[in-house]
*Asks:* 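One structure, as structure tokens, below. Some questions next.
Chain A is the first sequence line, chain B the second, and so forth, proteins listed ahead of strands; every chain is numbered from 1. If you're wondering where the values come from, they're calculated on a predicted model, not measured in any experiment. Computation of the quantities below employed the complete heavy-atom set of this structure, encompassing side-chain atoms and omitting hydrogens, waters and symmetry-equivalent molecules.
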Amino acid sequence: MRKDAHGTTPAQPPPAKLQRALLRWYDAEKRDLPWRGTKDPYSIWLSEVMLQQTRVDTVRPYYQRFMETYPTVFALAEAPLERVLGDWSGLGYYRRARMLHAGAQQIVRDFGGELPREVEALRSITGIGPYTAGAVASIAFDVRAPLVDGNVARVLARIFGVEEDVRGGAGRARIWQIAESILPQERAGDFNQALMELGATVCSPSSPRCGPCPVRGMCVAFASGEPERLPNMAPKAKPRPWKRAALVATLGADRVLLARRKRDLLFGGLWEPPTLDASNDRDEGDGARLLALAGVKAEVPVRAGEITHVLSHRKMTVEVYRAELRSAHATLGQNQAGASLDEGDGEYDAIEVVARTSAMRRGMSTLARKVLRAGGIEVNMGRSEGEATK
DNA sequence: AAAACGGGGTC
DNA sequence: GACCCAGTTTT
């Protein structure tokens, strides 16, 4: 059984109680939106597609205009794509409009102009993914189909105390499983909308207004005192800054290019295979020269704050990194003269080509391979220089 | 798994 | 002005 941070087992809200509380709240508090109060599957499909990645207030006028211009799936299917795109203009994500148009034609061709009621059939329509299929099935047809969007994921993660990353595989699957398990027999569509409405108006991402929340009494996150701590969103795909790395590989099997870091830098005075920040203009000086010397033009993505040992390509702490660099330094010999570089504000003040020790061999070739491949360059390690092929 | 997709919002 | 938002398709 899963335990929370306090080592206790979170109580699972009884579905019946949750269903009653949410539906009751929804009936009383739901916003009056143009696509509410219709059961027309086409209207609901249209509104759901428009609402993908788009705020309610932005969608509102577009929805009303579309319903006037294209009142039926046939009208939409027969309209020229150019006109549909024109009417979509300003909503963004124009692929949605293309898929909507193609989907309408598909519905006319494959389903006689009627949207199917089953999730599986809906999923076959272009532009209808897991969320939209659940939305149309449940809202238009009251099929007991679950649905998960960003709001639902947040609300359910909080109520049920889901600690797993709701974007990742396990957490995502768990949210969908919960969403299905709590669906009422009746009014599945309203229940799904209640979850989304709660997320949109009460259970907001950063500062949920738990006061008026109809289900705070059965909410694990509320009980924890820090409801905003959930859901856990995995470290959002961190943008990976690009670094250019000049490497030893193309100097051949037995030689290594090293550069001495300037004294006032981190690891100052130590030698390392030069790694250069390509996003930094300063590297135009030393950097370009080092790259030319190494004969390598490749880029490798490096995560900010992460230290990758340039000799072994192992991830490590700063302390270990420093120790290993010192050790490499000692191995190479402090009396290596080193060709001095012109004064610049780059990171290095000297370069040297030295014999590659056996201790370096494996790590370096691994690193070289990786970096060169990242740069779109195929390598044949162990061969003489110049044999790297595209 | 991750990027691309387009606007608009917030901090 | 960078950062965040959130489904579907594509790679």
*Asks:* Could you run through nucleotides 6-11 of chain C and give me one letter per nucleotide, 5' to 3': B if any protein heavy atom sits under 4.0 Å from the base, S if only the sugar-phosphate is that close, - if neither?
*Replies:* BBBB--
*Asks:* Can you give the donor-acceptor pairs under 3.5 Å from side chains of residues 116-130 of chain A to other protein atoms, not counting sequence neighbours?
*Replies:*
{"residue": "A/R117", "atom": "NH2", "partner": "A/F141", "partner atom": "O", "Å": "3.4"}
{"residue": "A/R123", "atom": "NH1", "partner": "A/I128", "partner atom": "O", "Å": "3.0"}
{"residue": "A/S124", "atom": "OG", "partner": "A/A121", "partner atom": "O", "Å": "2.6"}

*Asks:* Please report, to 0.1 Å, the donor-acceptor pairs under 3.5 Å made by any side chain of residues 73-95 of chain A, with sequence neighbours excluded.
*Replies:*
{"residue": "A/D87", "atom": "OD2", "partner": "A/Y70", "partner atom": "OH", "Å": "2.6"}
{"residue": "A/W88", "atom": "NE1", "partner": "A/G92", "partner atom": "O", "Å": "2.9"}
{"residue": "A/Y94", "atom": "OH", "partner": "A/G90", "partner atom": "N", "Å": "2.9"}

*Asks:* In whole Å, what is the span from the CG atom of A/L100 to the C1' atom of B/dC5?
*Replies:* 16 Å
*Asks:* Checking A/Y26 now: which residues fulfil ring pair (Phe, Tyr, Trp, His ring centres under 6.0 Å) with it, not counting sequence neighbours?
*Replies:* none
*Asks:* Scan nucleotides 8-11 of chain B against the protein and return all N/O pairs shorter than 3.5 Å with their distances rounded to 0.1 Å.
*Replies:*
none

*Asks:* In residues 179-192 of chain A, what donor-acceptor pairs under 3.5 Å come from side-chain atoms, sequence neighbours left out?
*Replies:*
{"residue": "A/S181", "atom": "OG", "partner": "A/Q177", "partner atom": "O", "Å": "3.4"}
{"residue": "A/S181", "atom": "OG", "partner": "A/I178", "partner atom": "O", "Å": "2.9"}
{"residue": "A/R187", "atom": "NE", "partner": "A/D190", "partner atom": "OD2", "Å": "3.0"}
{"residue": "A/R187", "atom": "NH1", "partner": "A/D27", "partner atom": "OD2", "Å": "3.1"}
{"residue": "A/R187", "atom": "NH2", "partner": "A/D27", "partner atom": "OD1", "Å": "2.7"}
{"residue": "A/R187", "atom": "NH2", "partner": "A/D190", "partner atom": "OD2", "Å": "2.9"}
{"residue": "A/N192", "atom": "ND2", "partner": "A/S138", "partner atom": "OG", "Å": "3.0"}
{"residue": "A/N192", "atom": "ND2", "partner": "A/A145", "partner atom": "O", "Å": "3.0"}

*Asks:* Salt bridge (charged side-chain N to carboxylate O under 4.0 Å, His left out): which pairs involve residues 31-54 of chain A, sequence neighbours left out?
*Replies:* A/R31-A/E197, A/R36-A/E197, A/K39-A/D142
*Asks:* With rounding to the closest Å, how many angstrom separate the P atoms on B/dG9 and C/dT8?
*Replies:* 23 Å
*Asks:* With rounding to whole Å, what would you report as the distance between C/dT9 and B/dG8 at their P atoms?
*Replies:* 24 Å
*Asks:* Tell me, which pairs form a ring pair (Phe, Tyr, Trp, His ring centres under 6.0 Å) where one or both residues lie in residues 34-64 of chain A, sequence neighbours left out?
*Replies:* A/W35-A/Y63
*Asks:* Taking atom P of B/dG7 as reference, at what distance in whole Å does atom CG of A/L91 sit?
*Replies:* 9 Å
*Asks:* State whether A/R229 and A/E163 are salt-bridged, where the test is any N-O pair (Lys NZ or Arg NE/NH1/NH2 against Asp/Glu carboxylate O) under 4.0 Å.
*Replies:* yes
*Asks:* Which whole number of Å gives the distance between the P atom of C/dC3 and that of B/dA3?
*Replies:* 16 Å
*Asks:* Between P on B/dG6 and CG on A/L85, what's the gap in Å once rounded to a whole number?
*Replies:* 10 Å
*Asks:* Taking atom P in both B/dG6 and C/dT11, compute the distance separating them and give it to the nearest angstrom.
*Replies:* 14 Å
*Asks:* Return all side-chain donor-acceptor pairs below 3.5 angstrom for residues 202-223 of chain A, not counting sequence neighbours, or 'none' if the list is empty.
*Replies:*
{"residue": "A/S204", "atom": "OG", "partner": "A/S207", "partner atom": "O", "Å": "3.0"}
{"residue": "A/R209", "atom": "NH1", "partner": "A/T201", "partner atom": "O", "Å": "2.5"}

